Amino acid sequence: MKKHRILPSSTEIRHSMRVPSTSDAADAVLKVGELYLFHSKDPQCPASSSLWGIYDKYEYGRLYLESSSRNQRSFRKWHALPKHYRYCRLSSRSELRDYIWNLSYSESRAGLSL
């Protein structure tokens with residue numbers, strides 16, 4: 001069974017219990033470099049309607065992503081997770097494989113257009 005998490009508010013990170021909102025606490029809940037699916041309403045974080053993003057850091061009360069995508073065709077780099085997302089789950093191995101392949105393909109296509 002996949003673990004689903006509620007994302008940090010401005011004052012806490014929830015992961016089966018309340019934890020102070022600090023960078024160390026965020027890193028205990030989310031692992032740097034891992035792919036997570038984020039959703040604003042559905043705790044199951046279905047792949048089809050979630051934002052997919054690679055966790056980078058927790059700073060100034062916000063989660064930051066190395067890259068993210070809603071559609072696996074266009075990718076956004078180095079940004080804060082929009083505040084309306086409340087839930088996340090760790091990606092499956094096949095979701096990670098698909099995301100990395102699509103990100104690499106997108107970057108290679110961008111390189112061809114330069």
Side-chain angles (χ1 to χ4, degrees):
M1 182 119 212
K2 293 183 180 179
K3 293 181 182 178
H4 299 76
R5 299 181 174 101
I6 296 176
L7 291 174
S9 68
S10 60
T11 58
E12 66 191 42
I13 293 174
R14 297 177 193 182
H15 178 66
S16 302
M17 67 177 113
R18 293 179 186 270
V19 179
S21 180
T22 66
S23 178
D24 291 340
D27 289 342
V29 174
L30 303 174
K31 302 254 186 258
V32 174
E34 290 286 351
L35 175 66
Y36 292 90
L37 280 70
F38 301 93
H39 207 280
S40 58
K41 298 176 184 165
D42 189 344
Q44 300 298 313
C45 301
S48 61
S49 60
S50 292
L51 173 72
W52 299 37
I54 297 178
Y55 174 65
D56 178 44
K57 63 185 174 184
Y58 185 82
E59 191 171 75
Y60 307 113
R62 302 285 304 272
L63 287 175
Y64 287 84
L65 303 175
E66 180 179 324
S67 66
S68 70
S69 179
R70 288 184 179 88
N71 61 16
Q72 303 302 304
R73 289 182 295 282
S74 59
F75 292 83
R76 188 172 172 203
K77 307 274 180 66
W78 307 109
H79 66 94
L81 178 71
K83 291 183 178 183
H84 66 276
Y85 288 99
R86 293 189 57 219
Y87 302 100
C88 75
R89 69 170 172 86
L90 184 62
S91 69
S92 68
R93 189 169 177 88
S94 62
E95 289 168 336
L96 174 62
R97 179 199 63 227
D98 292 347
Y99 182 86
I100 296 301
W101 194 94
N102 288 318
L103 175 61
S104 298
Y105 181 76
S106 174
E107 289 179 349
S108 71
R109 298 294 299 162
L112 292 176
S113 65
L114 296 178

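Note that the coordinates shown come from a computational prediction; the quantities given were computed from them, not determined experimentally.
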Interatomic distance, CG@Asp42 vs CZ@Arg89, rounded to 0.5 Å, equals 9.5 Å
Residues passing the side-chain hydrogen bond (donor to acceptor under 3.5 Å, both in side chains) test with Ser49, sequence neighbours excluded, are His39
Let me see the working for Tyr55 and Glu66 under side-chain contact (heavy atoms from CB on, under 4.5 Å), right down to the final yes or no.
CA-CA 6 Å; Tyr55 174 65; Glu66 180 179 324; over 6 Å; no
Measuring from atom CG of Leu103 to atom CG of Asp98, what distance do you get when rounded to the nearest 0.5 angstrom?
12.5 Å
Taking all non-hydrogen atoms of both residues, which atom of Lys83 and which atom of Arg62 are closest, and how far apart?
CE-NH1, 3.5 Å
Under a 3.5 Å distance rule, please check whether Ser104 uses its side chain to pair with a backbone N or O of Ile100 as donor and acceptor.
yes
Where Ser40 and His84 come nearest, the two heavy atoms and their spacing:
CB-O, 3.2 Å
Judged by atom type as modelled, is there a donor-acceptor pair below 3.5 Å linking the side chain of Trp52 to the main-chain atoms of Leu35?
no
If you apply the rule side-chain contact (heavy atoms from CB on, under 4.5 Å), what do you find for Tyr64 with Leu81, and how did you get there?
CA-CA 6 Å; Tyr64 287 84; Leu81 178 71; over 6 Å; no
Indicate the ring-plane relationship of Phe38 and Tyr36, choosing parallel, tilted or perpendicular according to the 30° and 60° boundaries.
tilted
Show your reasoning for whether side-chain contact (heavy atoms from CB on, under 4.5 Å) applies to Arg109 and Arg73.
CA-CA 11 Å; Arg109 298 294 299 162; Arg73 289 182 295 282; over 6 Å; no
Same hydrophobic cluster for Trp101 and Leu51, using side-chain heavy-atom links shorter than 4.5 Å among ILVMFWY?
no
side-chain hydrogen bond (donor to acceptor under 3.5 Å, both in side chains) involving Ser67 - partner list, sequence neighbours excluded
Tyr99
Can any side-chain N or O of Ser50 pair as donor or acceptor with the backbone N or O of Leu37 at less than 3.5 Å?
no
Apply the test side-chain contact (heavy atoms from CB on, under 4.5 Å) to residues Leu30 and Tyr58: give CA-CA distance (whole Å), side-chain angles for both, the deciding distance (0.1 Å), then the verdict.
CA-CA 9 Å; Leu30 303 174; Tyr58 185 82; over 6 Å; no
Could you tell me whether a side-chain N or O of Arg86 sits under 3.5 Å from a main-chain N or O of Lys41, the two making a donor and an acceptor?
no
Could you see if Phe75 belongs to whatever hydrophobic cluster contains Leu65? Use Ile, Leu, Val, Met, Phe, Trp, Tyr and a side-chain cutoff under 4.5 Å.
no
Side-chain heavy-atom pair Asn102, Ser69 within 4.5 angstrom cut-off
no
